[in-house]
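A short write-up of the structure that comes next.
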Amino acid sequence: MVNNQIIGDRDTRPSPLSAEDLAVLRDNLREQRLFREDQLRQIAAAPARTDEPVRRLTAARTEVRVKLAASARMVLADVEAALDRIAEGRYGRCQLCRRGIDRDRLMIVPQARYCARCQQVPEAGR
């Protein structure tokens, strides 16, 4: 059993994740990492078209590709950070208030850095 500690009035107990929960979440994060890496490869490999009718749309398509790639890189970074937290034994703890993140939230958003309450804090958003 993990030692429960209370520092001040902050409960620092880890979120109630079983070993099975953690294994499922780790597998989910690894799948997400593979998906995002593949997505980035596909975006980078998309051929540039030079025929006249399509060339007019090139700027818009380029902008969409740039935004998709940026989003995929951001999610990939979040996934990698979550896998690092798992490896370091810090997974499932809010990075603002240090309380445990609800199990149900992690099952939906396994790369979550913040509990639902702290996610509403403007500094937590991107």
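Quick note: residue numbers are just sequence positions, from 1.
- Here the CZ atom belonging to R103 is positioned 4.0 Å from the CE atom belonging to M107, to the nearest 0.5 angstrom.
- Applying the side chain to side chain contact (heavy atoms under 4.5 Å, CB included) criterion to E88, with sequence neighbours excluded, gives D84, R90.
- A search for side chain to side chain contact (heavy atoms under 4.5 Å, CB included) contacts involving R30 returns R26, D27, R33, L83, not counting sequence neighbours.
- Across A82 and L29, no two heavy atoms sit closer than the pair CB-CD1, 3.8 Å.
- Following chains of ILVMFWY side-chain contacts shorter than 4.5 Å, one cannot reach L68 starting from V79, and the two form parts of different hydrophobic clusters.
- Think of L76 as one node in a network of Ile, Leu, Val, Met, Phe, Trp and Tyr side chains linked at under 4.5 Å; its network also takes in L40.
- To the nearest 0.5 Å, the span separating CD on Q32 from CG on L25 amounts to 10.0 Å.
- A donor-acceptor contact shorter than 3.5 Å links the side chain of Y91 to the backbone of P110.
- For E31, the side chain to side chain contact (heavy atoms under 4.5 Å, CB included) criterion is met by no residue, not counting sequence neighbours.
- Nearest heavy atom pair, residue C97 against residue C94, reads N-SG, 3.5 Å.
- Listed for the D21 side chain is a donor-acceptor partner under 3.5 Å among the backbone atoms of S18.
- Listed by chain and number, the residues in a side chain to side chain contact (heavy atoms under 4.5 Å, CB included) with V109 are Q111, A112 (sequence neighbours excluded).
- Here the CD-CZ distance, from Q42 to R65, works out to 11.5 Å after rounding to the nearest 0.5 Å.
- Under a hydrophobic clustering in which Ile, Leu, Val, Met, Phe, Trp and Tyr are joined whenever their side-chain heavy atoms come within less than 4.5 Å, directly or via other members, I101 and I86 fall into the same cluster.
- Between R113 and A81, the shortest heavy-atom contact is NH2-CB, 3.5 Å.
- Q39 meets the side chain to side chain donor-acceptor pair (under 3.5 Å) test with R36; sequence neighbours excluded.
- Across all their heavy atoms, Y114 and Q119 have their closest contact at CD1-OE1, 3.4 Å.
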